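Reckoned from all heavy atoms, side chains included, excluding hydrogens, waters and symmetry mates. All values reported here derive from a predicted model rather than from experimental measurement. First listed ligand is number 1; within each ligand, the first listed atom is number 1.
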Amino acid sequence: MLQLKAVVAGYGGGSVLQGVDLECAERTITCVVGPNGAGKSTVLRVISGLLAPTQGEIRLDGEPIGGRAPDEILRRGIAQVPQSHALFPAMSVQENVLMGGYLIRKDRRLLRERLDQVEQRLPIVADRARDHAGNLSGGQRRMVEIARCLMLDPRLILLDEPSLGLDPRGLAGVAEVIHELNQAGTTVLLVEQNVRLGLGIATHGVVMEGGRVRLTGTAAAVRDNPEIASLYLGGSPTKAGDSPWTNASRPPSHTGGPGSPPTA
Ligand SMILES: Nc1ncnc2c1ncn2[C@@H]1O[C@H](COP(=O)(O)OP(=O)(O)O)[C@@H](O)[C@H]1O
Ligand SMILES: [Mg+2]
């Protein structure tokens, strides 16, 4: 369904992605893991059109989409849930969700129909419709972020670190929603710092390092890879906030403060 071939991209200075090859088959859940700064979020940005690749190809069902505008990519069925803080806290849950339907705003009937569908899939959207998004827990906010991106009924959902900052209950809820979406036919590509959780819910795994893909395979094969297992999932539990990657330099706000998920 989605195919990246030798994709090079960066932010003006040098290239962050140094020739990324990646594939997502229909109805799979692919989880990208790797140290901070590896280029994981950048991969999602080139797919969703927020960043244009300088070299290489991105194809959706065989059609090149690399460098297309974000709204065109969205219309083609790829929706991204950005990394945290993506809701408007002073707006209601329903208003936030409706913003996800911006591209179909003129078709009131379709908008209503989609909102109904989303409410059925994620009951919090109806239950907390009038509450300010800012009053929700972290896990609930993540649900609303996902709900918002479902308004366009995407075929492929891109999730950047959905577990970030969630407590165990929030984590379980998000994992369940991802699983349900996938069961309903949506293809998922997620980036996760919580490797155990990410590879636990994924069908396929991709390990990135230094702007390149180092390893791909089924999630089980990646999990069982001796090197990955010892780096991420090894016997002695890693201290909260300790990155198993020696070259990682996660900013303090992400290094396992209160409420951070376990990293290994
Ligand atoms: N907006 C930006 N402008 C300039 N450099 C950036 C920007 N975003 C990310 N980078 C750089 O690109 C590299 C990869 O970042 P990113 O894709 O966010 O990594 P990851 O998500 O794996 O932690 C990092 O070195 C980062 O500093
Ligand atoms: Mg990132």
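Each of the following atoms of ligand 1 lies closer than 4.0 Å to a heavy atom of Pro35: 22 (O). Under a 4.0 Å criterion applied to the non-hydrogen atoms of Thr42, ligand 1 contributes the atoms 14 (C), 15 (O), 16 (P), 17 (O). Atom numbering of ligand 1 starts at 1 in the shown order; those under 4.0 Å from a heavy atom of Gly39 are 14 (C), 16 (P), 17 (O), 19 (O), 20 (P), 22 (O).
Side-chain contact check for Pro64 versus Arg59: some heavy-atom pair is nearer than 4.5 Å. Side-chain contact check for Asp153 versus Arg114: some heavy-atom pair is nearer than 4.5 Å.
Contact annotation for Arg45 and ligand 1: only side-chain heavy atoms (C-beta onward) come within less than 4.0 Å of the ligand. If you look at Val16 next to ligand 1, the close heavy atoms, those under 4.0 Å, all belong to the side chain.
Atoms of the protein (N, O or S only) found under 2.8 Å from the Mg ion (ligand 2) are Ser41 OG.
Shortest non-hydrogen contact noted between Val207 and Val222 is CG2-CG1, 3.7 Å. Shown here for Val33 and Lys40, the closest heavy-atom pair between the two residues is C-CD, 3.7 Å. Taking each heavy atom of Cys149 and Gln80 in turn, the nearest pair found is CB-O, 4.4 Å.
The neighbour count for Arg169 CZ, taken as heavy atoms of other residues, nucleotides or ligands under 6.0 Å away, does not exceed 12.
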Identify all side-chain donor-acceptor contacts of residues 6-18 below 3.5 Å with residues at least two apart in sequence or on another chain.
unit_1, atom_1, unit_2, atom_2, d
Tyr11, OH, Thr42, OG1, 2.8
Tyr11, OH, Arg45, NH1, 2.1
Gln18, NE2, Ser15, O, 3.1

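For Arg142 and Glu145, the salt-bridge test passes: some basic side-chain N is under 4.0 Å from an acidic carboxylate O.
No hydrogens or angles considered: nothing links the side chains of Gln193 and Ser163 as a donor-acceptor pair under 3.5 Å.
Judged by the shortest distance from any of its heavy atoms, Gly34 lies outside the 4.0 Å radius around the atoms of ligand 1.
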